[in-house]
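Written below as structure tokens is the structure these notes are about.
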Amino acid sequence: MPAADAHARYPELPPWDGDVASARALQVELAARVSLQDTGSEPRRIAGVDVGFEEGGAITRAVAVLLDAATLDPLDEVVARLPTRMPYIPGLLSFRELPAVLVALGRLAASPDLVLVDGHGIAHPRGLGIAAHLGVLTGLPTIGVAKSILVGSHDELPAQRGACVPLRHRGRVIGSVLRSKDKVRPLIVSPGHRVSLVRAPQIVLACCRGYRLPEPTRLADRLASRRGPGACSDE
DNA sequence: GCGACAG
DNA sequence: ATCTTGTCGC
């Protein structure tokens with residue numbers, strides 16, 4: 001996909017025009033298209049996506065990594081850089097980051113059967129966090145893995161890895177608060193699309209390998225922001 | 001009206 | 001998200 005055609009290709013992701021009210025209205029429409037039904041089949045390839053910024057925010061850098069679902073070994077990684085076209089507005093994150101994410105995902109060597117996104121799924125004021133928005137756009141099963149709560153509340157969570165309690169909002173369960181590692185801040189996991197509330201945290205926990213973040217998101221995160229071992233593309 | 005607010 | 005070194009704790 002030509003590095004800036006996400007808008008033309010997806011009517012559900014219009015270019016930013018400063019109209020917050022209509023963007024929110026669109027989210028309400030798209031949220032009605034979200035499915036919380038599991039696919040039934042086990043994923044063979046799982047992708048992880050995350051976004052970082054360069055040049056003081058002028059450049060949006062999206063990273064997509066593809067992993068073998070069985071071994072969690074990396075199969076491919078893509079970095080896409082696009083000029084930033086919108087400011088960060090709580091609740092409208094997907095409109096700002098998805099254009100770059102779609103380009104990165106489209107350049108992967110193979111399409112994933114599931115995508116883990118750094119951000120929320122349906123655990124959002126209008127039920128359409130970035131993972132849910134991406135799922136509705138592409139039709140791919142997606143799960144939101146956030147590092148903090150946007151909306152909702154929950155009971156106390158045990159300190160041991162694997163502990164999981166429901167995240168509720170307006171009397172509804174919208175996700176899970178999951179302890180992915182002993183004594184670290186929990187992850188906020190919510191279905192994005194075509195994944196159930198029950199399976200989302202199970203899948204995410206199964207993707208954790210001793211770090212707080214599950215491998216798909218952790219590897220994408222490492223390339224999107226920090227400079228760690230293997231983060232340099234040249235030399 | 002006041003505070004909260006993914007990344 | 002990003003600006004940023006060393007440091008406290010498991």
Side-chain angles (χ1 to χ4, degrees), chain A residues 13 16 20-21 23-24 27 30-31 34 48-64 79-102 104-105 115-137 142-154 158-161 163 167-170 174-193 200-201 204 210-214 216-228 231:
Chain A
L13 184 61
W16 179 241
V20 172
R24 288 178 176 157
Q27 291 183 314
L30 300 181
V34 169
V49 299
D50 189 27
V51 172
F53 296 87
E54 304 173 0
E55 308 298 319
I59 298 298
T60 298
R61 175 184 47 215
V63 174
V79 179
R81 292 184 176 75
L82 277 71
T84 303
R85 310 176 62 177
M86 182 190 159
Y88 166 67
I89 298 174
L92 298 184
L93 178 71
S94 63
F95 291 93
R96 168 175 161 92
E97 304 189 343
L98 281 186
V101 167
L102 289 165
L105 272 178
V115 184
L116 263 51
V117 186
D118 190 331
H120 294 287
I122 63 171
H124 173 279
R126 291 164 292 284
L128 197 85
I130 186 168
H133 198 165
L134 176 64
V136 169
L137 246 58
T142 62
I143 295 175
V145 181
K147 296 180 286 297
S148 66
I149 293 175
L150 176 56
V151 293
S153 59
H154 62 89
Q160 295 67 39
R161 173 194 155 106
L167 175 68
R168 294 191 175 79
H169 183 53
R170 296 174 184 168
I174 59 173
S176 308
V177 180
L178 174 69
R179 190 83 68 184
S180 54
K181 181 183 182 192
D182 285 1
K183 302 174 183 178
V184 298
R185 281 183 301 141
L187 296 179
I188 313 305
V189 179
S190 62
H193 188 49
V204 171
Y211 295 89
R212 180 162 89 115
L213 299 181
T217 291
R218 188 179 74 83
L219 296 178
D221 191 71
R222 216 177 54 181
L223 293 174
S225 26
R226 255 158 239 181
R227 291 268 106 199

[X] has an atom [atom1]; how far is it from atom [atom2] of [N], in whole Å?
X      : N     : atom1 : atom2 : value
A:E55  : C:dC3 : CD    : P     : 10 Å
A:E54  : C:dC3 : CD    : P     : 10 Å
A:F53  : B:dA6 : CZ    : P     : 13 Å
A:R185 : B:dA6 : CZ    : C1'   : 12 Å
A:L187 : B:dG7 : CG    : C1'   : 15 Å
A:L223 : C:dA1 : CG    : C1'   : 16 Å
A:L150 : B:dA6 : CG    : P     : 6 Å
A:L167 : B:dA6 : CG    : P     : 13 Å

side-chain hydrogen bond (donor to acceptor under 3.5 Å, both in side chains) pairs, two or more places apart, involving residues 118-136 of chain A:
A:Q27-A:R126, A:S94-A:H133, A:D118-A:K147

Do any of residues 122-130 of chain A sit with a heavy atom less than 4.0 Å from DNA chain B, and if so which?
A:H124, A:G129, A:I130

Using heavy atoms and a sub-4.0 Å distance, could you list which residues of residues 86-96 of chain A are near DNA chain B? By number, please.
A:Y88, A:P90, A:G91, A:L92, A:L93, A:R96

Which range-with-range stems can be found for DNA chain C when each stem has 3 or more Watson-Crick or G-U pairs in a row and both distances sit under 3.5 Å?
none

Got a list of protein N/O to nucleotides 1-3 of chain B N/O distances below 3.5 Å?
none

Quick check: closest heavy atoms across A:A132 and A:G121, and the distance to 0.1 Å?
CB-O, 3.7 Å

Residues passing the side-chain hydrogen bond (donor to acceptor under 3.5 Å, both in side chains) test with A:S176, sequence neighbours excluded, are none

Which residues pass the side-chain hydrogen bond (donor to acceptor under 3.5 Å, both in side chains) test with A:E54, not counting sequence neighbours?
A:R61, A:R81

Under the side chain to side chain contact (heavy atoms under 4.5 Å, CB included) test, residues paired with A:P90 that sit two or more places apart:
A:Y88

Please name all residues satisfying side chain to side chain contact (heavy atoms under 4.5 Å, CB included) with A:H154, sequence neighbours left out, ordered by chain then number.
A:I149, A:V165, A:L167, A:V177

Options B:dA6, B:dG7, C:dT2, nucleotide nearest the side-chain atoms of A:S225
C:dT2

Once you apply a heavy-atom cut-off of 4.0 Å, does A:D118 come out as touching a base, just sugar-phosphate, or nothing?
sugar-phosphate

B:dA6 phosphate, OP1 or OP2: any side-chain N/O from A:K147 under 4.0 angstrom?
no

Listed by chain and number, what are the salt bridge (Lys or Arg N to Asp or Glu O under 4.0 Å) partners of A:R218, not counting sequence neighbours?
A:E215

Symbol by symbol from the 5' end, with Watson-Crick or G-U pairs under 3.5 Å, [ ] crossing and | another strand, DNA chain B is .......

I need a per-nucleotide contact map over nucleotides 4-10 of chain C, read 5' to 3'. Cutoff is protein heavy atoms under 4.0 Å; write B for the base, S for backbone only, - otherwise.
-------

